[in-house]
Structures are given as C-alpha cells and as structure tokens.
Amino acid sequence: MSLKGISLLDKDSGRNALKRACRKAGVGIKVIEDLVEAELEQAGKLRKRGLMERIDEILAAAEDGDD
C-alpha cells in the first residue's frame with residue numbers, strides 16, 4: 001500500500017489522531033487507508049471508472065468484519 005504524500009498518515013501525530021477518531025467512530029484505520037488508496041489510484045484520471053464499486057467493496061468488507 002502506497003500512501004506516500006498523505007501527511008495525516010505519514011506523521012505519528014496525525015496517525016495517532018486518526019486512530020483516535022477511528023476508535024471513536026468504530027471504524028478500523030485499515031478501512032480509511034483502503035479508501036484513501038482507492039482514491040489515490042484514481043488520481044489524475046478524468047473518469048474514475050470503478051471507484052464507487054471499490055468503495056462499496058471496502059465498506060461492505062468492513063461491515064462484514066473483514067477489515
């Protein structure tokens with residue numbers, strides 16, 4: 001997984017803040033990382049084919065407890 005350039009995920013203070021927010025919301029940090037990665041894979045594309053389907057897959061897996 002390449003999340004380079006996302007300062008929130010690169011810095012310990014930002015990552016810790018994200019972990020706290022995830023715990024409070026009941027969402028795994030892996031879900032957030034996967035969602036960010038899905039968006040980064042589409043960066044620069046005019047048409048983001050498959051992005052919504054990928055987001056649906058990530059959220060469905062999280063709902064099923066596969067995160």
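The salt bridge (Lys or Arg N to Asp or Glu O under 4.0 Å) check on K11 picks up nothing, with sequence neighbours excluded.
A 4.5 Å side-chain heavy-atom check between L59 and E63 finds every atom pair outside the cut-off. Within the 4.5 Å cutoff, the side chain of R15 has heavy atoms near those of the I29 side chain.
In this structure, CD in E53 is found 9.0 Å from CD1 in I55, a value given to the nearest 0.5 Å. Atom NZ of K48 sits about 11.0 Å away from atom CE of M52, to the nearest 0.5 Å. Here the straight-line distance linking atom CZ of R54 with atom CD of E41 works out to 7.0 Å at 0.5 Å rounding. Rounding to the nearest 0.5 Å places CD of Q42 at 10.0 Å from CZ of R49.
The residues K30 and E33 are annotated as not salt-bridged, no charged nitrogen and carboxylate oxygen being separated by less than 4.0 angstrom.
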D34/E37 under side chain to side chain contact (heavy atoms under 4.5 Å, CB included): CA gap, chis, key distance, verdict = CA-CA 5 Å; D34 290 346; E37 182 178 23; 4.3 Å; yes
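More than 12 non-hydrogen atoms from other residues, nucleotides or ligands lie less than 6.0 angstrom from CG of D56.
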